[in-house]
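Take a look at the structure set out below.
Labels below follow one simple rule: chain letters A, B, ... track the order of the sequence lines, proteins then strands, and each chain is numbered from 1.
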Amino acid sequence: MALLEVKHVNMVFGGLRALKDVSFAIEPGEIVGLIGPNGAGKTTMFNVLTQVAKPTEGDVLLEGKTLVGKKTYEITHIGIARTFQNIRLFKYLSALDNVKIAMNDQVKYGILSSIFRAPSYWKGEEYFQNRAMEILTDCGLAEFAEARATSLPYGKQRKLEIARALATNPKILLLDEPAAGMNPTETHELLETIKVIREKYHVTILLIEHDMSFVTGVCERLMVLDYGSIIASGTPEEVIHNPDVIAAYLGGE
Amino acid sequence: MNKKKKLLSYALNFALVLVLFLVVNVLMAAGIINRYYGGLIMQVCISVVLAVSLNLVTGLLGQLVLGHAGFMSLGAYAAALFTIHSGMATSGAGGVLTIIVATLVGGLVAAFFSFLIGVPALRLKGDYLAIITLGFGEIIRVVMLNLEITGGARGLAGIPVLTNVNTSMIVAALTIFIIWAYMLSRHGRAVLAVREDEIAAEASGINTFRTKIVAFVIAAFFAGVAGSLYAHQIGVLSPTKFDFNYSIEILVMVVLGGMGSITGSTIAAVILTLLPELLRSVADYRMLAYALILILMMLFRPGGLLGRSELSIAGLGRFLRRKLFGRKAAAAGVPMTAGEELEVEAQTVQEPAIDAILTAEVKEKDKPEAQPENAGEGKED
């Protein structure tokens, strides 16, 4: 069974049809790239998947259960985590706290336990600490654990966002332009990180990206969105040589 | 290891509070703290409770609330009416029990009403929430002014005087401790996440609405507690005390202390409560001086006294160590190890932030001579 299924999703903003009858499925363990020209509806697709925007029509299913109508934080608990196109970290908090916040509901000690510093509090905090450090280490951020999020270099901030998303124990990770604005070294580093976390956390990844070398380097399958419709899908090799895709990017007859 | 160190710091802070408590009691017994000073201490403690609780919503949660005095008045009237009508003892040991129960009643009533208005109001953001809470505060005032049971415009007189210096100090210390303990937990991290970025918080699995409601209700509870202390200190309640200006006064304490700093709010509450008293000698220019100090403060320290950072014993220790040894070590050309360098950097980075104690708490490899971490509850006076 497919992990994530999108069925005939339409999204209308006033007179604009941002998504037109989009359907696709993602199998467990895949790394899929969603590409397309600016304004094609890629971020809207992410917003629909996380229910930030409710689709006008259609259904989104994770492991066969519908996500439509759920709150965003519920979606996160069910197993979809995302990063943002423009970085949205908890700016004044440390990298460690950024990650800990994403694990907030994995140990549920109550308010009274924290006020009285009950054993459940200490146990919970120990779990948060160890798990958060583990994730930061895997993302190559261990040495920045105590640093304030905004003090990190740009590339590390992007990685921290991925670490934070990973901390929610997602089944599927949505990355919105993870390599945007990165220099080649940083992009390469990110590529390695994504491979590492995929190995270790067995997470399925759907990513939006414009950097073609990055996309072809990491993705096993690509989907191309243009004017709200999926116009092509297949291996990177197939997609890049698809005449429709070339027309969408460069303009055609 | 880490837990042990934290427990040690709790004990240290508790000991400091205890010492303060004993000092005040000895001074009272010696007659150095007379009725006037005693009254001032109670006022200061009430301000501290108000400022620290408002700081939870406005500074730490990041929601502008302009009706804190309204919740205080709910608590004040509820507690006063309870004491008058319950028939519980009003002197001796019975009186202590009465004020404890009455204060809880006051807090719970305020918390209940904050929940009622919080559910619709907290779906709004920024200015809208400010306006709603402002309106709510005014509604409370007008209702109190017209109800029979509250004595209307004449006010509610004949409330047994049960608040004393010790009860007010204990309540202030407990308030600081509870809010501090709440903030250094998973609940507190959720609160900070909401302030930093609501969309990201929601995407990280935080139920932002519930987080806001809980913090809002806790803050209102303590406003009610402060109201109860006030009612049982003065013995007379009049609705005009809890007007919009008073809400602003509390807000000024929070802003002046540094939005999001618990110790900052505490210090500012102490200063701003004592300032008008200290300026009595220049009575005519009192309000002028008060305003001038505020303006200068905002010009030269726009982030407030402490900004987002907290005053802590550990932080103080680090600061002194850096001042005394840091430069000397650098001048002598002693090379730092990578670890040390990173630590120093991390410290300077964090110092202006509220997370200074949050992160100091979890620092894994603190230097051996570092002092225990702060608990922040030792500065209520």
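- Neither the backbone nor the side chain of Phe116(A) comes within less than 4.5 Å of any heavy atom of chain B.
- Proximity to chain B is limited to the backbone of Val107(A), based on heavy atoms less than 4.5 angstrom apart.
- The candidate from Ile101(A), Val52(A), Ile75(A), Thr83(A) with the greatest count of non-hydrogen atom pairs under 4.5 Å with chain B is Ile101(A).
- Ion pairing between a basic and an acidic side chain is recognised when a charged N comes within 4.0 Å of a carboxylate O; Lys156(A) and Glu143(A) show no such pairing.
- In this structure, chain B has a heavy atom under 4.5 Å from the side chain of Phe128(A), while its backbone stays farther away.
- Neither the backbone nor the side chain of Ile179(B) has a heavy atom closer than 4.5 Å to any heavy atom of chain A.
- Most heavy-atom pairs under 4.5 Å with chain B: of the set Thr168(A), Thr150(A), Ile111(A), this distinction falls to Ile111(A).
- Using a 4.5 Å heavy-atom cutoff, the side chains of Phe144(A) and Leu96(A) are not in contact.
- Contacts between Thr50(A) and chain B at a heavy-atom distance below 4.5 Å are absent for every atom of the residue.
- Looking only at atom types and distance, the side chain of Glu310(B) has a donor-acceptor partner in the side chain of Thr263(B) under 3.5 Å away.
- Looking only at side-chain heavy atoms (C-beta outward), Leu207(A) and Leu34(A) stay at 4.5 Å or farther from each other.
- Contact count against chain B (heavy-atom pairs under 4.5 Å) is highest for His77(A) among Glu161(A), His77(A), Arg82(A).
- Between Tyr10(B) and Trp180(B), a ring centre-to-centre spacing shorter than 6.0 Å is recorded.
- Electrostatic pairing of Glu125(A) and Arg186(B) does not count as a salt bridge here, judged by no charged N lying under 4.0 Å from a carboxylate O.
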